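Working notes, structure below.
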There are 2 protein chains.
Amino acid sequence: MPPAKPSTAPGSPRAGGRVTLRDVARALGVSVATVSNAYNRPDQLSADLRQRVLQAARDLGYTGPDPLARSLRRGRTDVLGVVYGAPLEYAFADPAAALFLGSVTRAVQGQDLNVLLLASPHAAPCPSAAANHDPTGPVRGASVDGFIVYCTAEDSPLLRAVLERGLPTVLVDQECHEEAVNIGIDDAGGAQAAATHLLSLGHRHLGVLCLQLSEQRASGPVSPAREAQVSYRTSSQRLRGYRAATHAHPEVTLHPTEVIHNTPQAGEALTLDLLRSHPDITAVLCMSDVLAQGALRAAASLGLRVPEDLSVVGFDDLPGSESLNLTTVWQPTGDKGEQVGQAILTLLAGHPAPPVTLPTRLVVRGTTAPPAPQPQAARD
Amino acid sequence: MPPAKPSTAPGSPRAGGRVTLRDVARALGVSVATVSNAYNRPDQLSADLRQRVLQAARDLGYTGPDPLARSLRRGRTDVLGVVYGAPLEYAFADPAAALFLGSVTRAVQGQDLNVLLLASPHAAPCPSAAANHDPTGPVRGASVDGFIVYCTAEDSPLLRAVLERGLPTVLVDQECHEEAVNIGIDDAGGAQAAATHLLSLGHRHLGVLCLQLSEQRASGPVSPAREAQVSYRTSSQRLRGYRAATHAHPEVTLHPTEVIHNTPQAGEALTLDLLRSHPDITAVLCMSDVLAQGALRAAASLGLRVPEDLSVVGFDDLPGSESLNLTTVWQPTGDKGEQVGQAILTLLAGHPAPPVTLPTRLVVRGTTAPPAPQPQAARD
DNA sequence: CGATCACCCTGAAACGATTCAGAAGCCGCA
DNA sequence: TGCGGCTTCTGAATCGTTTCAGGGTGATCG
């Protein structure tokens, strides 16, 4: 006969205390060690007894060793904390983040590690509510073996909280900290290549669509003061790269603007603003392909041809960007996830892991071309 | 003076045993209970002593109560397991899934619950490797207070493993189980409305683009045998809805095809196949907006006008679908996440939660119209 | 002045498991 | 018979907390 429905045989479900290893041991008249061994080291008891133990467990509704207690005793949770410096929805909505998180997960999954998502909660609508609720709570209280930190500002409380835990930690695209290993890409180099490409095509007035610059979200033109204190390394490095390219051309003007969210909509709106206030702009440097997509839409809605009337360069080289024929800076997003996974595994194994900087590469496609012959004539 | 760098003051980092609450207590000559209270119940000791405790903790490099031990003692982990029946990358890549997961996360986040992502690992490339590695391991060993199950087949080992844990569980878009509460949408009704809409426009030969039908992925035309044993409730219900609409019209033919992945590419390829093998098809019912997007692309590449030459209906009503002017079945994706969050919170609080079925609604936009006057003439 | 109460603090028992160092029994070998 | 070695099983310590049931104080009240 098939075994009777095991779960909670007598009484109502989840009535009374739960069944423990000791209950099983008692029911069978063996020691708890034996029951534990039945689950963890089959070679330590006879096959016969093991079967009897397992059967008794089923009969009693014992669902196996409690993971918590096991972790405590073993000193290991097999969980990795992935902290994401923004509300989780953005991670799901941002293709680059999604790609990266997916590849990280795949990399560690093979080692039986699970991923605990620790996202920055939404900024509370009212400041008072924000004040009395500590966003670092989850990070400080997470039962994990190590951390991966993605997309936080340098001065983020979240990042600080992670570092304070003193667990093996991998930082992604972040300023180096001695307590953690950093894995990133050559943001500045890629950005510089993108800007240089435009300059060598003859562009002299460039718009820049920036990703978020600091924890306080802001939208619109970036003042020099704000540019001086960018706290997201990704943004600061890319901006620096753009600027570096212009050093050889003092006559070039750069108009950085900041988006609140990394969405095509935001990119579109900002591009419209940019072109309205600076009609001499002939090319737009975007810190992400998603923003570039918005810039393309803006151009279309203004009746501007790309690349004849407006050049657009992205960053990331998302899977979809090839079909948009977008000139962009490629970065090894998937590979980065892989490396991060490897690094944290190495760290968890007790070995030191070296920091890694992955290369970026300009991919010239169809959204860039020399500017129209006489842009000056179109002034104002 | 500022407090000295606290982490691991003496010796190398993570050398020797870690600092525990007891060490702090001993260093200060107080009881462990007092130290514990300093962290958890400030009102239980004098402010002065509390400060001294906290300072001593800093000096010793104690980073706060171990979350694991605390969870064990408290009987609560404040972690929710979200199991997703496919590799996590798909969740990030699928807008509907991303939207849903994002809204669930937001709903529980306010309650200081974290989300442990438990995804089905990739099918191993070689069957032997798949055999010796149990995909349910993570689910059985996860330290969580409850589960949310999304996107698994009815006969999924993952689902079974979750149910066996006997924890509070919310099933999403799933067949009802007595041990868990189910929250879903009216898939069949929505699908029926979509099909009825096409029929009333005069269409008689319909293509159907199905989402995955069972755990074994397959692509191409769906045989009646396969249709009879669909194990994803979402797919089976929608298919049922489509079929139900055709009952009043015996002359109508329905050509279901199955995609491997829910991507525009897959939808495009399948639509091309479908139209090639069944030239009389004048409309395509898609089980997702993402697939519908592929159908639109296919039409474009064939030079077919939408809706004049081909009608297309989607499912989901994603944020982007409005701008595509896609006729589709709306479902309250965000609201569903909200409800799921509420339900699991209720369950965790010890109260029973009722199952919920949310409504769907046909949204007629511009991708559907009556078929061309004489479709028969175009035969072959 | 004795009783009461609030305030701080402590001892010790859980929480549910893993694991180490044997013990008991049995076999074979010398 | 004695002894080492193997298999199988057990006792007890331990992981790092939380929390309950008090135990001392000193102040307040009648």
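Hydrogens, waters and symmetry mates play no part in the numbers below; they use all other heavy atoms, side chains included. The chains referred to below are lettered A, B, ... by the order of the sequence lines, with proteins before strands, and numbering in each begins at 1. Quick caveat: nothing in here was measured; it's all calculated off a predicted structure.
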Once you round it to whole Å, what is the distance between [atom2] of [N] and [atom1] of [X]?
| X | N | atom1 | atom2 | result |
| --- | --- | --- | --- | --- |
| B:Leu72 | D:dT19 | CG | P | 12 Å |
| B:Leu68 | D:dG16 | CG | P | 10 Å |
| A:Gln44 | D:dT8 | CD | P | 9 Å |
| B:Leu28 | C:dC8 | CG | P | 17 Å |
| A:Asp23 | C:dG16 | CG | C1' | 10 Å |
| A:Arg76 | C:dA17 | CZ | P | 17 Å |
| B:Asp43 | C:dC8 | CG | C1' | 11 Å |
| B:Leu45 | D:dT19 | CG | P | 14 Å |

>> As a quick check of understanding, evaluate salt bridge (charged side-chain N to carboxylate O under 4.0 Å, His left out) for A:Asp66 and A:Arg70, giving each step before the final call.
In response: CA-CA 6 Å; A:Asp66 179 77; A:Arg70 165 196 287 241; over 6 Å; no
> Taking atom types as modelled and ignoring hydrogens, do the side chains of B:Gln55 and B:Arg52 form a donor-acceptor contact shorter than 3.5 angstrom?
Replying inline: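 Side chains of B:Gln55 and B:Arg52: no pair found under 3.5 Å.
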> When you measure from the side chain of A:Asp145 to the backbone N and O of A:Asp78, does any donor-acceptor pair fall under 3.5 Å?
Replying inline: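 Confirmed, A:Asp145 side chain pairs with A:Asp78 backbone.
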What pairs of nitrogen or oxygen atoms, one from the protein and one from nucleotides 18-20 of chain C, lie under 3.5 Å apart?
residue: C:dT18; atom: OP1; partner: A:Asn40; partner atom: ND2; Å: 2.7
residue: C:dT18; atom: OP2; partner: A:Ser36; partner atom: OG; Å: 2.4
residue: C:dT18; atom: OP2; partner: A:Asn40; partner atom: ND2; Å: 3.1
residue: C:dT18; atom: O2; partner: A:Arg73; partner atom: NH1; Å: 2.6

> Which heavy atom in B:Asp23 sits nearest to a heavy atom in B:Leu60, and how many Å separate them?
Replying inline: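 Heavy atoms only, the tightest pair is O-CD2, 3.8 Å.
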> So which heavy atom on B:Pro67 is nearest to which on A:Arg140, and how close?
Replying inline: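 Shortest heavy-atom separation between B:Pro67 and A:Arg140 comes out as CG-O, 4.1 Å.
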> Under 4.0 Å: is that the gap between some side-chain N or O of A:Ser31 and OP1 or OP2 of D:dT10?
Replying inline: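 Yes.
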>> Can you see if the side chain of A:Ser71 gets near the phosphate of D:dC15 - specifically, an N or O under 4.0 Å from OP1 or OP2?
In response: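 The answer is no; no side-chain N or O of A:Ser71 sits under 4.0 Å from OP1 or OP2.
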> Going by the angle between their ring planes, with limits at 30° and 60°, are A:Tyr39 and A:Tyr62 parallel, tilted or perpendicular?
Replying inline: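 The arrangement is perpendicular - the two ring planes meet at more than 60°.
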